[in-house]
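Since the structure comes first, as structure tokens, the remarks are kept for the end.
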Amino acid sequence: MSPIRFLAAGLAVVLAATPTMAQTCIQPADKAAFDARALQSQLMVAALLCKQDDRYNAFVRQYQGELAGAWRGLSSYYRRANGAVGQRTLDNYVTELANVQQMDSGRQGSHFCTNVAPLFDAAMAAPKTTEGLATVAVQNGLSNPHGRSECGTTQAVTTPERKERRTAVRRVSTRSR
């Protein structure tokens with residue numbers, strides 16, 4: 001079985017085993033964590049396929065705190081969105097992300113390593129924040145199949161029949177402390 005078919009079969013198994021995910025929107029901090037993880041995953045795939053282990057390891061060392069923060073953000077999101085199966089769902093997501101990126105590398109064929117080389121430079125030059133890493137991911141169009149919509153701003157709702165009933169809206173800061 002070819003590597004592409006093997007990965008496609010693995011992705012199908014992961015998707016079939018994934019429980020239906022709660023439809024929970026993602027906050028800006030959640031999206032930054034998803035995007036930073038997409039960047040890390042793409043660089044990991046590139047390191048493995050293009051023999052760029054040293055560059056990947058330098059990236060992980062330089063952004064260790066930011067990557068750990070993004071991981072904590074993803075873990076928190078999946079616990080919030082999926083409850084008791086949150087960790088398993090997160091593990092499935094990380095596997096799916098790597099599989100999608102691996103399949104993309106297969107579509108690029110022998111050009112993949114040449115195409116992805118500048119991504120290491122961009123990642124290493126990113127501001128030392130999760131948002132900085134997320135920006136690099138978005139600017140490079142990395143696959144990020146989280147399947148969630150971003151949360152919109154919530155407005156207080158007044159029903160015409162009962163003006164005394166208002167939906168309480170509590171704003172929660174997404175800035176790191």
Donor-acceptor pairs under 3.5 Å, side chain of residues 114-128 to any protein atom, not counting sequence neighbours: which ones?
from: Asn115; atom 1: ND2; to: Gln108; atom 2: OE1; distance (Å): 2.8
from: Asn115; atom 1: ND2; to: His111; atom 2: O; distance (Å): 3.3
from: Asp121; atom 1: OD1; to: Arg55; atom 2: NH2; distance (Å): 2.4
from: Lys128; atom 1: NZ; to: Gln62; atom 2: O; distance (Å): 3.1

Which pairs with one or both residues in residues 41-72 pass disulfide (SG to SG under 2.5 Å), sequence neighbours excluded? Cys50-Cys113

Nearest heavy-atom approach of Thr130 to Ala70 is CG2-CB, 4.1 Å

Between CG on residue Leu74 and CG on residue Asp30, distance to nearest 0.5 Å: 8.0 Å

Checking Arg79 now: which residues fulfil side chain to side chain donor-acceptor pair (under 3.5 Å) with it, not counting sequence neighbours? none

Answer yes or no: is there a side-chain heavy-atom contact under 4.5 Å between Gln40 and Leu43? no

Taking side chain to side chain donor-acceptor pair (under 3.5 Å) as the definition, give me every residue that meets it alongside Asp53, ordered by chain and number, with sequence neighbours left out. none

Less than 4.5 Å apart, side chain to side chain, heavy atoms only: is that true for Gln42 and Val136? no

Atom pair OH (Tyr77) and OG1 (Thr89), whose distance is rounded to the nearest 0.5 Å: 10.0 Å

Who are the salt bridge (Lys or Arg N to Asp or Glu O under 4.0 Å) partners of Arg72, not counting sequence neighbours? none

Taking only residues two or more places apart in sequence or in another chain, which ones pass side chain to side chain donor-acceptor pair (under 3.5 Å) with Ser41? Gln101

If a pair satisfies salt bridge (charged side-chain N to carboxylate O under 4.0 Å, His left out) and one of its residues is in residues 36-46, list it, with sequence neighbours excluded. none

Which pairs with one or both residues in residues 44-75 pass ring pair (Phe, Tyr, Trp, His ring centres under 6.0 Å), sequence neighbours excluded? Phe59-Tyr63

Measure the CE-CG distance between Met44 and Leu49 for me, rounded to the nearest 0.5 Å. 12.0 Å

Which is it for Leu39 and Leu142 under the side chain to side chain contact (heavy atoms under 4.5 Å, CB included) test, yes or no, and what are the steps along the way? CA-CA 7 Å; Leu39 175 62; Leu142 298 180; 3.9 Å; yes

Between CD on residue Glu96 and CG on residue Asp91, distance to nearest 0.5 Å: 13.0 Å

Spacing of Glu66 atom CD and Leu133 atom CG [to the nearest 0.5 Å]: 6.5 Å

To the nearest 0.5 Å, what is the distance between OG1 on Thr95 and CD on Gln102? 13.0 Å

